[in-house]
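Structure, as structure tokens:
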Amino acid sequence: MIKSILETFNIRGESMVEPLTSGLINRTWKVTDGDKQFILQQINDHVFKRPTELAANIRMLHQYLKAQSPDYLFVSPISNSNNDDLIYVKDVGYFRLFPFIKGSHTIEVVSSAEQAFEASYQFGKFTRLLAGFDVSKLHITIPDFHNLTLRYQQFEAALQNGSPQRIKQSGELIRTIKKHTNIVEQYEQIRKKADVKQRVMHHDTKISNVLFDAYGKGMCVIDLDTIMPGYFISDVGDMMRTYLSPANEEVKNFEFIEVRDDVFSAIVTGYVSAMGKELTAAERNLFFYSGLFLIYMQAIRFLTDHLNNDIYYGARYEDHNFVRAGNQLALLKKMEEKQDTLQTIISKL
Ligand code: GN1
Ligand code: MG
């Protein structure tokens, strides 16, 4: 089946196809055909219910950037010999093929503040270049994706309808989440502020979604499916969530979870230097909050999924999402403990 998709792109039968395993949602392969390389992806249409809208978003942004910022590297799907950039295979699903960007590589873990700066700069630059784009034109690929109020309601629903045995097991984590509803309240306040703008946000700013060149400089951002209107706290917050600690969300021994001051500072400086005057004063005050917001939301999403028997994320071992939720709550605690230090860093910048 993959061979026949590739044939529509005139990619020969003897090409090499290797699965890439890092994402949780879509299925991805690296395709090598002689000296050419590509990335093939099957869209998860349980999560992205309307793949055609997702493709339309990418096309719109591509056109806008081609006209306004022609030098910007925007990695969009290639069209096949039928002129399709989204290929539907009956009973299987939707596929697309990306060029592999020569000389680029991705990393899985942030090992230096420079990497965090580069990535943050790239996400900020992306949003700044699109500041003149009318966000209301974008299709909402996942409704309420980063709506913390709704995520909290889904958690409450899982407490009603989820697995009774798992609810009992999760008592301590549930209590911790309930103790932090001030983060939800603050989110509701932020939504009402006129000077916290709806912008074109990426919504999945993990380090593996940035392409780096051979010198370690950021080239561009990839994985554009969750691009939707949103607040900057989503992108900055997900960077905090995934860059601050050298131990990521999969680590089972929470003692390794840490908040690195230099990485925090690099995320803030990278973003501020890329966004420049685009960032409003109200937004500048929300850097620390962004971290709390996203870490807390991810803890809720993992625990909710655990209570719902792993229907969204799946589980590679018993209690996988329970462990992930505990991990994220441990990170939240570290972040809170560092509040004074981190706020001082911001005020000095
Ligand atoms: C999912 O598939 P991946 O790894 O890019 C999720 C993100 C979560 C992340 C947690 C569409 O992203 O929101 O932060 O897992 N994406 C979707 O690892 O739900
Ligand atoms: Mg993703």
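As the structure lists them, so they are numbered: ligands from 1, and atoms in each ligand from 1. FYI, the numbering just counts along the sequence from 1.
Residue R301 holds the heavy atom nearest to atom 6 (C) of ligand 1 of all those in H203, R324, R301.
Within the 4.0 Å heavy-atom criterion, the part of R241 lying near ligand 1 is the side chain and not the backbone. With a 4.0 Å cut-off on non-hydrogen atoms, E249 touches ligand 1 through its side chain and not its backbone.
At least one heavy atom of K206 sits closer than 4.0 Å to an atom of ligand 1. Under the 4.0 angstrom criterion for non-hydrogen atoms, D225 is not in contact with ligand 1.
Listed by number with element, the atoms of ligand 1 under 4.0 Å from a non-hydrogen atom of Q298 are 8 (C), 10 (C), 14 (O). Each of the atoms 1 (C), 2 (O), 11 (C), 16 (N), 17 (C), 19 (O) of ligand 1 lies under 4.0 Å from some heavy atom of I25. Counting atoms of ligand 1 from 1 in the listed order, those under 4.0 Å from a heavy atom of Y312 are 11 (C), 17 (C), 19 (O). Atom numbering of ligand 1 starts at 1 in the shown order; those under 4.0 Å from a heavy atom of Y313 are 8 (C), 15 (O). The atoms of ligand 1 that sit less than 4.0 Å from any heavy atom of I142 are 11 (C).
Applying the salt bridge (Lys or Arg N to Asp or Glu O under 4.0 Å) rule to R27 yields no partners; only residues at least two apart in sequence or on another chain are considered.
Two residues are said to be in side-chain contact when any heavy atoms from C-beta on lie closer than 4.5 Å; Q198 and Y231 meet this criterion. The shortest distance between side-chain heavy atoms of Q189 and E185 does not fall below 4.5 Å.
With a 6.0 Å cutoff to the six-membered ring centre and a 45° limit on the axis angle, K178 does not count as a cation-pi contact of F155.
Using cut-offs of 30° and 60° on the angle between ring planes, the pair Y121 and F117 is parallel.
Heavy atoms only, all atoms of each residue included: S136 and D134 are closest at OG-OD1, 2.7 Å.
For ligand 1, the polar-atom distance check against F145 finds no nitrogen or oxygen pair separated by under 3.5 Å. Residue D204 has at least one N or O atom closer than 3.5 Å to an N or O atom of ligand 1.
Of the charged side-chain nitrogens involved, at least one lies within less than 4.0 Å of a carboxylate oxygen, so that R191 and E188 count as a salt-bridged pair.
Paired with F232 under the rule ring pair (Phe, Tyr, Trp, His ring centres under 6.0 Å), one option of F126, Y289, F287 passes, and it is F287.
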